[in-house]
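A short write-up of the structure that comes next.
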Amino acid sequence: MTKAAVMNKESSNLPCEICPRRCNAVRTFSSDGKLPGFCQAPEDIVISRAGLHRWEEPVISGERGSGTVFFSGCNLHCVYCQNHDISSRCVGKRVSQEGLRRLFYRLTERGAHNINLVTPGHYAKKIAPVLMEKFPVPIVYNSNGYELPETLKLFDNKVDIYLPDLKYSDNALANRYSHAPDYFERTCAAIDEMYRQTGDFEFFADGMLKKGVVIRHLILPGQLENTLKVIEYVAEKYRPGQVLFSLMRQYLPCGKVDEEHYPELNRRISDWEYEVAESALFASGIEDGFVQDAESAVKEFIPDFENGGSDSDAVPLDDLE
């Protein structure tokens, strides 16, 4: 993976307040190639990988795959992140707005059911104008959930499907594992805005998702109470037919997690933990969504980010600057 050490020639040089951290960084490369700001990303778009992704929810991936674009950097930096190599530092290819538009069409030519933007929030001001053009497949905004409603408004009438995480109901956990002590309140407000934009979910005739919100929750080892309260919140907030809910069992020790650092997370989810969570979901009144089996917690489901991906599903990024 190459470091995107290219000067941000198009930068506004304005302090950034695009996410809840409002860190006021001027997101340009310094003379030593380092970036300020929590997201560790310039204003110009940097992509780590693009290609067909087959391991999203069935209504997103379908048979042909989701046209997934992984953006470099992140405003959350979860210690257990499966995409740690690209979320914690600026690696990948600098892509222009015109190059991004061409990339979307290349993905649709490959047969992608949709265009899936993974962690796009810190590039919102550059991505939103590209989406003024109507593309032949739905646009998916795939987010960690830690967003500002005013930033999401840039995508009103441009994004068809929102795919946010709701990682924590417990802000102490959010602070320990994602450095975000206001995560729950911020994410709930963001999801409210997402739902305002899309309304109730709808499907195409072939069963693929046409529009709506899919709230994802990843169960963490030893944190069942956090999961149960997330389920309780979603069940109380939304009625059947409004949003979809995805209970995820795919946790693997990744990122900074090992026996020395965050040892409580250094294991997979037990069968008992998942059975408790799944039973709570079925008893909650949430009728629309997805569950995962134990086979989902394997490294083979994590995309190849080395040099943009060398597998047959990857799309080259060489000529998109």
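Basis for what follows: all heavy atoms, side chains included, without hydrogens, waters or symmetry-related copies.
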So does R101 pair up with E98, basic N to acidic O under 4.0 Å?
-> yes
The salt bridge (charged side-chain N to carboxylate O under 4.0 Å, His left out) partners of D170 (sequence neighbours excluded) come to none
Quick one: side chains of residues 238-247, donor-acceptor pairs under 3.5 Å with protein atoms, not counting sequence neighbours, listed by atom name and distance.
| from | atom 1 | to | atom 2 | distance (Å) |
| --- | --- | --- | --- | --- |
| Y238 | OH | D192 | OD1 | 3.3 |
| Q242 | OE1 | R239 | N | 2.7 |
| Q242 | NE2 | Y195 | OH | 3.3 |
| S246 | OG | E57 | OE2 | 2.7 |

Could you tell me whether the side chains of N171 and D182 share a donor-acceptor contact shorter than 3.5 Å?
-> no
Note, L320 side chain near L100 side chain (heavy atom, < 4.5 Å) | no
Does I60 share a hydrophobic cluster with L166, counting links as ILVMFWY side-chain heavy atoms below 4.5 Å and allowing steps through other members?
-> no
Residue set satisfying side chain to side chain donor-acceptor pair (under 3.5 Å) with Y141, at least two apart, ordered chain then number -> E147
Of I161, V69, V140, which meets side chain to side chain contact (heavy atoms under 4.5 Å, CB included) against N116?
-> V140
Salt bridge (charged side-chain N to carboxylate O under 4.0 Å, His left out) involving E236 - partner list, sequence neighbours excluded = none
Pairwise side-chain contact, F184 with Y168, heavy-atom cut-off 4.5 Å (strictly under) | no
Residue E133 excluded, over 12 heavy atoms near CD under 6.0 Å = yes
Ion pair check, D319 and R106, cut-off under 4.0 Å = yes
Distance-only polar pair, side chains of T227 and H217, donor-acceptor under 3.5 Å | yes
Check: R27 side chain, P42 main-chain N or O, donor-acceptor pair, under 3.5 Å | yes
Applying salt bridge (charged side-chain N to carboxylate O under 4.0 Å, His left out) to D313 and not counting sequence neighbours gives R54
State, yes or no, whether a side-chain contact exists between L228 and N226 at a heavy-atom distance under 4.5 Å.
-> no
With a distance cut-off below 6.0 Å to the six-membered ring centre and an angular limit of 45° from the axis, does R21 pair with F38 as a cation-pi contact?
-> yes
For the residue pair L209 and F201, establish whether any side-chain heavy-atom pair is separated by less than 4.5 Å.
-> yes
Can you check whether E264 reaches R176 side chain to side chain, under 4.5 Å on heavy atoms?
-> yes
State, yes or no, whether a side-chain contact exists between F135 and V130 at a heavy-atom distance under 4.5 Å.
-> yes
Tell me, please, which residues at least two apart from D258 pass side-chain contact (heavy atoms from CB on, under 4.5 Å).
-> E260, H261
